[in-house]
Amino acid sequence: MKKIVFATNNAHKLQELRQMIGERYEILGLADIGCHEDIPETGDFIEDNAQMKARYVKENYGYDCFSDDTGLDIDALNGEPGVKSARYATPGHDSEANIDKVLTKMQGVEERTARFRTAIALLQGDEMHMFEGKVEGIILTERHGTGGFGYDSIFQPIEGDGSTFAQMSPQEKNRISHRGRAVAQLIQFLTTQD
Ligand code: IMP
């Protein structure tokens with residue numbers, strides 16, 4: 001079985017990918033290869049960050065690797081929080097503070113269109129392959145639902161029945177989500193290789 005690293009410490013993301021990819025690849029997480037340091041994510045775009053993480057693993061640990069990075073682009077905020085989505089309000093990953101900041105900035109704003117975008121960078125040997133998934137939606141004026149994470153409770157995808165991501169089951173969300181779509185492309189690519 002070919003070994004490939006998914007540059008994440010998120011056990012949930014790893015589990016999901018292992019289930020989707022089948023028998024052909026052994027997917028290793030960062031902990032599995034003894035990588036416990038913070039990998040720099042200092043790019044101006046999510047694509048840069050995804051590539052940076054994949055290169056870091058290849059250069060320091062020698063494995064083929066893929067890495068994902070996601071941002072929420074809100075049109076009325078000129079694309080913010082974008083690449084800064086995780087740390088929009090504070091240096092920590094405080095989702096509630098991030099949502100509060102978005103809602104405050106969007107007070108009285110009528111144009112509420114936004115999209116989540118996920119970039120996946122796959123580094124195989126010295127070849128970099130990029131995959132993207134996105135989902136269009138609108139930013140609500142208050143939170144709805146308690147599931148999911150991040151900005152889910154204020155993001156209502158255009159496709160669907162008017163629920164926010166936080167009101168959907170994980171399966172419903174994955175079917176149309178930015179990450180679900182990017183991962184589907186990656187899997188398609190990996191599973192159709194020789
Ligand atoms: P990451 O690149 O997957 O770590 O995502 C960066 C940040 O974007 C997260 O910390 C969340 O704030 C936000 N985010 C990513 N994916 C989602 C999602 O599916 N729903 C809501 N927020 C998300």
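Everything numeric here is computed off the predicted structure, so don't read it as measured data. Values below: every heavy atom of this structure, side chains too, minus hydrogens, waters and symmetry copies. Note that ligands are numbered from 1 as they come in the structure, with each ligand's atoms numbered from 1 the same way.
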May I ask which of [options] has a heavy atom nearer to [atom] than the others do?
atom                    : options          : answer
atom 9 (C) of ligand 1  : S67, G180, A86   : A86
atom 21 (C) of ligand 1 : L72, T164, D152  : D152
atom 4 (O) of ligand 1  : R117, K13, H93   : K13
atom 13 (C) of ligand 1 : F165, Y151, F155 : Y151

(message) Tell me every residue that passes side chain to side chain donor-acceptor pair (under 3.5 Å) with E132, counting only those two or more places apart in sequence or in another chain.
(response) R117

(message) The criterion is side chain to side chain donor-acceptor pair (under 3.5 Å); which residues satisfy it with E127, sequence neighbours excluded?
(response) H129

(request) Assign the ring pair Y56 / Y61 to parallel, tilted or perpendicular, where the plane angle (0 to 90°) is split at 30° and 60°. (result) tilted

(message) Does ligand 1 come near enough to D69 that some N or O of the ligand is less than 3.5 Å from an N or O of the residue?
(response) yes

Return the residue, atom name and 0.1 Å-rounded distance of the protein heavy atom closest to [atom].
atom                    : answer
atom 8 (O) of ligand 1  : S85 CB, 3.5 Å
atom 17 (C) of ligand 1 : F149 CZ, 3.3 Å
atom 6 (C) of ligand 1  : T70 O, 3.5 Å
atom 16 (N) of ligand 1 : R179 NH2, 2.7 Å
atom 19 (O) of ligand 1 : K173 NZ, 2.7 Å

(request) Answer with yes or no whether the hydrophobic clustering places I46 together with Y88; edges join I, L, V, M, F, W, Y residues whose side-chain heavy atoms lie under 4.5 Å apart. (result) no

(request) May I ask you to decide whether R18 forms a salt bridge with D32, counting only side-chain N to carboxylate O separations under 4.0 Å? (result) yes

(request) Would you tell me whether D161 and S163 have side-chain atoms, one donor and one acceptor, within less than 3.5 Å of each other? (result) yes

(request) Kindly give the heavy-atom pair with the smallest separation between A54 and A121, and that separation in Å. (result) CB-O, 4.1 Å

(message) Only heavy atoms of H178, strictly under 4.0 Å: list the atoms of ligand 1 that pass.
(response) 16 (N), 17 (C), 18 (C), 19 (O)

(message) Could you go through Q124 and Q193, starting from their C-alpha distance and side-chain angles, then the distance that decides it, and tell me whether this counts as side-chain hydrogen bond (donor to acceptor under 3.5 Å, both in side chains)?
(response) CA-CA 12 Å; Q124 281 185 313; Q193 275 185 324; 2.8 Å; yes

